[in-house]
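Just so we're on the same page: letters track the sequence lines, and every chain starts at 1. All values below were derived from every heavy atom in this structure, side-chain atoms included, with hydrogens, water molecules and symmetry-related copies excluded.
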2 protein chains.
Amino acid sequence: MSDMLAGTSRNTRQRAEVLTLLDEVPDFRTAQQLHALLVRRGARVGLTTVYRTLQLLLDAGEVDVTRPPGGEQLFRKCSRSQHHHHLVCRQCGATVEVEGPAVERWADRVAQEHGFTDVGHTLEIFGTCQACAGIAG
Amino acid sequence: MSDMLAGTSRNTRQRAEVLTLLDEVPDFRTAQQLHALLVRRGARVGLTTVYRTLQLLLDAGEVDVTRPPGGEQLFRKCSRSQHHHHLVCRQCGATVEVEGPAVERWADRVAQEHGFTDVGHTLEIFGTCQACAGIAG
DNA sequence: TTGGTATTGAAAATGGTTATCGATTCTAGT
DNA sequence: ACTAGAATCGATAACCATTTTCAATACCAA
């Protein structure tokens with residue numbers, strides 16, 4: 001697992017299980033879904049530990065989180081660590097990483113024009129992917 | 001209150017109180033904050049009713065909702081009913097309505113290119129407004 | 001006015017997420 | 001290896017925003 005976390009952290013079996021799973025699942029998933037997947041494959045990891053590890057990975061910038069309108073938090077280990085956004089299927093969580101340099105500039109400019117500082121933004125695109133449209137279309 | 005809601009709905013005192021308050025508060029507020037404001041001014045409205053009325057107004061497209069990372073839902077009656085986005089102060093909820101036609105087109109094009117249908121997006125800019133920066137800057 | 005129905009709201013339930021805390025496990029030092 | 005000390009685990013309880021329940025009430029058409 002190398003040094004997934006800085007400072008005083010330990011490489012435990014549980015964290016390795018969560019990291020391995022995240023590498024295998026390409027879609028956005030809830031913490032509870034990830035925990036269920038771990039249990040199903042026989043990995044003995046508590047739900048609490050899944051939440052904690054995801055929070056650690058979030059702080060380390062190793063995973064992304066998004067929250068669809070009316071839904072719970074979704075986690076995903078993205079291929080790129082740089083700033084980007086997502087196109088996410090509402091049904092299955094299938095994800096496409098997208099970049100929008102023009103959007104970044106636009107958001108920063110708008111905020112600056114109104115005297116806002118310490119600016120950040122959230123931008124996610126939600127829809128139904130081709131596979132899910134074919135099933136329940 | 002006129003016909004704020006279609007179909008079988010009634011013009012109750014409680015709904016009028018919530019609507020009046022929303023017209024007076026220019027910033028994004030949580031349901032609980034709005035309820036507290038109502039109680040403070042002597043309006044006898046239950047928290048449940050505030051939640052329910054906000055949901056009705058949401059369905060009717062009369063109020064907007066946003067959810068800052070790690071926070072609860074924020075509600076606001078916007079001046080324009082057409083699609084737009086917000087620049088919101090993390091501290092006080094001060095809000096600026098903004099439009100980004102280029103962003104809309106970009107989001108729809110990206111989704112279409114990947115075969116997604118029934119597409120929507122969330123885009124909000126969060127920061128610290130000038131007033132709050134002056135207080136705790 | 002009156003009857004039927006939508007609405008209210010206090011209280012309880014819900015459900016995702018976080019805190020507790022004793023048991024366990026890793027790591028460094030010897 | 002052994003041991004001490006700290007980090008981690010995880011079952012359980014707590015948290016808290018939001019929703020549901022359901023009996024009492026308020027609205028409105030006739």
- Task: Go through the N and O atoms of the side chain of A/R10 and the base of D/dA6, and report whether any donor-acceptor pair is under 3.5 Å.
- Result: yes
- When rounded to whole Å, the CZ to C1' distance for the pair A/R13 and C/dC26 reads 13 Å
- Query: Separation of B/L34 atom CG from D/dT18 atom C1', in whole Å?
  - Reply: 14 Å
- Query: Are any side-chain N or O atoms of B/R67 and backbone N or O atoms of A/R67, one a donor and one an acceptor, separated by less than 3.5 Å?
  - Reply: no
- Distance (rounded to the nearest 0.5 Å) between A/R41 CZ and A/T20 OG1: 7.0 Å
- Query: Is the phosphate of D/dC9, meaning OP1 or OP2, less than 4.0 Å from a side-chain N or O of A/T12?
  - Reply: yes
- Atom pair distance, as rounded to whole Å: CG in B/L56 and C1' in C/dT7: 10 Å
- Query: Taking B/R76 for the side chain and B/P26 for the main chain, is one N or O donor matched with an acceptor at less than 3.5 Å?
  - Reply: yes
- Message: Looking at A/V45, is its backbone amide N or carbonyl O close enough to the side chain of A/H35 to form a donor-acceptor pair, meaning the two atoms are under 3.5 Å apart?
- Response: yes
- Hey, is the main chain of A/L22 close enough, under 3.5 Å, to the side chain of A/R29 for a donor-acceptor pair? no
- Distance, nearest 0.5 Å, that separates OG1 of A/T30 from OH of A/Y51: 7.0 Å
- Query: Base, backbone or nothing for each nucleotide of nucleotides 16-22 of chain C, written B, S, -, heavy atoms under 4.0 angstrom, 5' to 3'?
  - Reply: SBBB---
- Note on the structure: note: B/N11, atom CG; D/dT25, atom C1'; distance rounded to Å ~ 17 Å
- Query: In whole Å, what is the span from the CG atom of A/L54 to the P atom of D/dG10?
  - Reply: 14 Å
- Nearest-nucleotide pick for B/V45, side chain only, options being C/dG9, D/dC28, C/dT5: C/dG9
- Item | Whole angstrom value for the distance that separates P of C/dA6 from CZ of B/R15 | 11 Å
- Grab the CD-P distance between B/E17 and C/dT7 for me, whole Å please. 17 Å
